[in-house]
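Okay, structure first, notes after.
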Amino acid sequence: MNVMQEMQENLKQAIKQAVLDAKLASEDEIPAIILEQPKDKAHGDYATNVAMQLARVAKKAPRQIADEIVASLDHSKASIKSVDIAGPGFINFFMNNQYLTNLIPTILEQQEAYGSSNTGNGEKIQVEFVSANPTGDLHLGHARGASVGDSLCNILQKAGFVVSREYYINDAGNQINNLALSVEARYNQALGKDFQMPEDGYHGADIIGIGKKLAEEHGEELLNKSQTEQHAFFREYGLKYELDKLAEDLKQFRVTFDNWFSETSLYEEERIVPAIELLREKGYIYEKDGATWFRTTDFDDDKDRVLVKQDGSYTYLSPDIAYHKNKLDRGFDKLINIWGADHHGYIPRMRAAIQALGYDADTLEVEIIQMVNLFENGEKVKMSKRTGKAVTLRELMEEVGIDAIRYFFVMRSADSHLDFDMDLARSQSNDNPVYYVQYAHARICTMLKQAKEKNIDYADYDASLLQSEKAEDLLKKLGEFTQVVADAAVNRMPHRIPQYIFDLASSLHSFYNAEKVINEDNLEETKARLALMEAVRITLANGLQLIGVQAPESM
RNA sequence: GUCCCAGUAGCUCAGCUGGAUAGAGCAACAGACUUCUAAUCUGUAGGUCGGGCGUUCGAAUCGCUCCUGGGACGCCA
């Protein structure tokens, strides 16, 4: 627990005690004390609505209850400076902000670790994200999933969860046959032959590239192989090429995985039949119309689902059940899947599987990432996988830059549709929020560098000299960081982080414009301010790290 | 037809486990660089929180209903 949380906890305890002392309610009638930070500073540092909540229990008017609570309150215990009663019955607390200065030594000592907590208590969470089919380039939707997924993982780790990042490779289904056929077609075309693309072929530029590469490396020699050999070759070659490219693009995007899980391995290790048989033993399987069905309607799905088709092959759900069983067998407490919005209809049957396997439905959480619309020159850019015209992550990284992409995708809540404005993301101007935050970091670096050049060592700073309103705003903001990270983790809301660091950067810029940090006529104050600046720098850098954005030392 | 997401300032969005006068960025307007980076700051203006009904001390937030936009409803993956 850091100084902020400790102080809030003390305050809550003091309020609770006051309620008891005033005999307004019994121990178990008291609701959880909620402290909020009022938007208006005139309403104090913290406020509680407990008097209103108790109105019914105590059968008194909220304001009268508030009066009685305040009268019983032990001011000395919780760094309370003064108390007000306002509005319909809010109790506003003005804190003795001396405690805030304790934050600076804490932050300077913890460095990269500042913001971490044990909120997750070591809970083991597996996060599966991106998992794009290895049949083409990553596009905007995947980029959003990658940004959100990776950031969420970072945040969870910082909040004390144990995280494993996983990518599920769909390398077994029909789409891989189509990939092989597409590669074959592009290879033949590259040799100048008239060769039609298959019906459900992949039209991306990457596959044309594979065809060309094969034509250069092998000439026409591949055509001498048998049909089966050719198909197997194109399949393996295409798959490897696509996977290497996916991993490379993601790595460049600063996203790496602990595990790449192959769907084919489920077949090779014969995990699918046992998974289905397990469900059969539990009575959730039946045969109808020559197919094998999973009775998902036992668990809130609107219709039952086929596992084995009439022709004996599996539907997509079968390996997926085996896969999730495997995940659970690996001992994770919680599974988080990050899916595109077009898969949301798939959630009920997957949760049914989790429950049929004997786990709580909420062992599996699915975070849905809503659609991304791309705008350029004020117009919506059409995206189509079929024609291969989609804007790829790679193109985007080259044109816009990784920092801006990652910031843009994480700054909005994932369940909102997102309009990605190419021109704004590309612009190196003050319209672009990512630069605003980075600039704050760079500004601090410049100040610290200049202090060093002037041989000002602030190791013996006295933080109690930071008494101005702007400095106090900054300190309060700094103190919130740990809680913000914990909330973002628990509620799976990575977008809280960009919001927070934007606010922190704003407080920094405001402070910077109001007060000169380096003032050689007042060394003591300078030292205190330099220490404050370093604390802000560390916090900004830690926040940026969580969302995979760089913290430049100069701009 | 059923289900999911969204509808908040001119634009893009926060706020949604119910709380005080609904916030931010951009755009608009007025100011601030002999000063540690003006990629900044200070201020002004801008709203029937899609509509209606309900729940209660109190609703952008919860419930019902309707409207609008997007998506999903395969023995595809």
Side-chain angles (χ1 to χ4, degrees), chain A residues 32 34 36 38-40 42-43 47-49 52-53 55-56 61-62 86-90 92 133 135 170 172-176 178 200 263 288-293 302-303 305-317 319-320 340-348 368-371 373 375 378 408 411-421 424 427-440 442-451 453-454 491 495-496 498-499 502-503 505-506 508-520 526 529-530 533 554-555:
Chain A
I34 295 165
E36 54 178 55
K39 293 162 214 156
D40 188 342
H43 295 136
T48 182
N49 61 349
M52 277 109 88
Q53 290 182 311
R56 204 167 310 163
F90 287 100
N92 296 331
N133 288 348
T135 55
N170 294 113
N174 203 32
Q175 75 275 12
I176 299 300
N178 286 328
D200 297 313
E263 181 184 1
K288 193 181 90 182
D289 303 335
T292 302
W293 294 73
D302 51 6
K303 56 181 103 153
R305 307 293 170 176
V306 170
L307 293 182
V308 185
K309 297 182 241 176
Q310 279 179 339
D311 67 4
S313 64
Y314 296 121
T315 62
Y316 182 72
L317 184 57
D320 230 9
D342 53 343
H343 286 78
H344 87 259
Y346 201 74
I347 297 174
I368 289 296
I369 307 286
Q370 285 296 333
M371 298 287 160
N373 287 316
F375 283 80
F408 269 60
M411 77 175 167
R412 302 293 181 220
S413 78
D415 57 8
S416 280
H417 303 239
L418 181 92
D419 290 336
F420 190 94
D421 184 337
L424 175 59
S427 75
Q428 308 233 337
S429 75
N430 56 354
D431 305 356
N432 198 332
V434 66
Y435 293 112
Y436 182 87
V437 178
Q438 291 183 316
Y439 184 52
R443 253 187 166 169
I444 296 171
C445 289
T446 303
M447 287 186 274
L448 295 172
K449 199 170 140 214
Q450 292 197 359
E453 282 164 4
K454 291 179 179 176
N491 297 314
H495 71 279
R496 289 280 174 80
Q499 271 172 28
F502 188 90
D503 277 355
S506 177
L508 182 276
H509 288 310
S510 181
F511 173 85
Y512 179 94
N513 276 276
E515 298 179 30
K516 181 132 169 118
V517 171
I518 299 173
N519 175 6
E520 290 176 274
T526 298
R529 288 180 177 176
L530 284 169
M533 289 302 101
S554 66
M555 288 174 76

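Every chain is numbered from 1, with letters handed out A, B, ... down the list of sequences. Below, all heavy atoms of this structure are taken into account, side chains as well, without hydrogens, waters or symmetry copies. Note that this is a predicted model, so its numbers are computed, not measured.
- A gap of 14 Å separates the P atoms of B:U8 and B:G47, to the nearest Å.
- Atom-to-atom, CG of A:Asp302 to P of B:U2 comes out at 13 Å; the value is rounded to the nearest Å.
- Both A:Arg305 and A:Thr446 lie near RNA chain B, and the one whose nearest nucleotide falls closer to the 5' end is A:Thr446.
- Comparing B:A45 with B:G51, their P atoms are spaced 24 Å from each other, to the whole Å.
- Taking the C1' atoms as reference points, B:G7 lies 14 Å from B:C66, given to the whole Å.
- Between A:Lys309 and the phosphate of B:C76, there is a side-chain N or O to OP1/OP2 separation shorter than 4.0 Å.
- Between A:Asp342 atom CG and B:C3 atom C1' the separation is 15 Å, expressed in whole Å.
- The distance from atom CD of A:Gln175 to atom P of B:C76 is 13 Å, rounded to the nearest whole Å.
- Proximity note for A:Lys303 (side chain, C-beta onward) versus B:A77, B:G74, B:G25: the nearest is B:G74.
- When the C1' atom is used for both B:U56 and B:G63, the distance is 13 Å, rounded to whole Å.
- A pairwise comparison of heavy atoms in A:Ile368 and A:Ala341 identifies CG2-CA, 3.6 Å as the closest pair.
- Nucleotides B:A60 and B:A72 place their C1' atoms 27 Å apart, quoted to the nearest Å.
- If you check every strand for non-hydrogen atoms under 4.0 Å, A:Ala440 touches nothing.
- Ranking B:C75, B:G25, B:C36 by closeness to the A:Lys516 side chain, first place goes to B:C36.
- The aromatic ring of A:His343 sits over the base of B:A77, with ring centres less than 5.5 Å apart and planes tilted by under 30°.
- Of the candidate nucleotides B:C41, B:A14, B:A20, B:A14 has the atom lying nearest to any side-chain atom of A:Ser416.
- Checked against B:A72, B:C75, B:A39, the side chain of A:Met555 finds its nearest nucleotide in B:A39.
- Nearest to the side chain of A:Asn513, among B:U40, B:C76, B:G71, sits B:U40.
- Residue A:Asn92 places a side-chain atom within donor-acceptor reach of the base of B:A20, judged by atom type and a 3.5 Å distance cut-off alone.
- A:Ala291 comes within 4.0 angstrom of a base, heavy atoms only.
- Two residues, A:Tyr346 and A:Ala86, neighbour RNA chain B, and the one matched to the more 5' nucleotide by heavy-atom proximity is A:Ala86.
- Note on ring orientation: taking the six-membered ring where Trp is involved, the planes of A:His509 and A:Tyr436 are perpendicular (angle over 60°, cut-offs 30° and 60°).
- Straight-line distance between the P atoms of B:G46 and B:A22: roughly 13 Å, to the nearest whole Å.
- B:G69 is paired with B:C5 under the Watson-Crick or G-U wobble criterion, all donor-acceptor distances under 3.5 Å.
- Taking atom P in both B:U21 and B:C26, the straight-line distance is 28 Å, to the nearest Å.
- With B:C73, B:C13, B:C5 as the candidates, the nucleotide lying closest to the side chain of A:Arg412 is B:C13.
- Using a 4.0 Å heavy-atom distance criterion, A:Glu515 is classed as a base contact.
- Side-chain atoms of A:His509 and base atoms of B:C41 include no donor and acceptor less than 3.5 Å apart.
- Taking side-chain N and O atoms only, A:Ser506 has no distance below 4.0 Å to OP1 or OP2 of B:A24.
- Listed candidates were B:A77, B:C5, B:G71. Nearest to the side chain of A:Asp415 is B:C5.
- With a cut-off of 3.5 Å on both pairing distances, B:U21 has no Watson-Crick or G-U wobble partner at all.
- At the heavy-atom level, A:Ser413 lies under 4.0 Å from the strands shown only through sugar-phosphate atoms.
- Nearest to the side-chain atoms of A:Arg443 among the listed nucleotides B:C41, B:U40, B:A72 stands B:U40.
- Across all strands shown, B:U55 has no partner, as no Watson-Crick or G-U wobble contact with both distances under 3.5 Å is found.
- Here the nucleotide nearest the side chain of A:His417, chosen from B:G70, B:C13, B:C3, is B:G70.
- The CG-C1' distance, from A:Asn49 to B:U56, rounds to 14 Å in whole Å.
- Across all strands shown, A:Ala442 has heavy atoms under 4.0 Å from base atoms, whether or not it also approaches the sugar-phosphate.
- Among all heavy-atom pairs drawn from A:Asn519 and A:Thr526, the shortest one is O-OG1, 2.8 Å.
- In this structure, CZ of A:Phe502 is placed 15 Å from P of B:A39, rounded to the nearest angstrom.
- When distances are taken from the side chain of A:Trp293 to each of B:C75, B:C41, B:C13, the shortest belongs to B:C75.
- Pairing for B:U44 is with B:A28, a Watson-Crick or G-U wobble pair whose two hydrogen-bonding atom distances lie under 3.5 Å.
- The base-pairing partner of B:A14, taking Watson-Crick or G-U wobble contacts with both distances under 3.5 Å, does not exist among the strands shown.
- Taking the C1' atoms as reference points, B:C3 lies 49 Å from B:G43, given to the whole Å.
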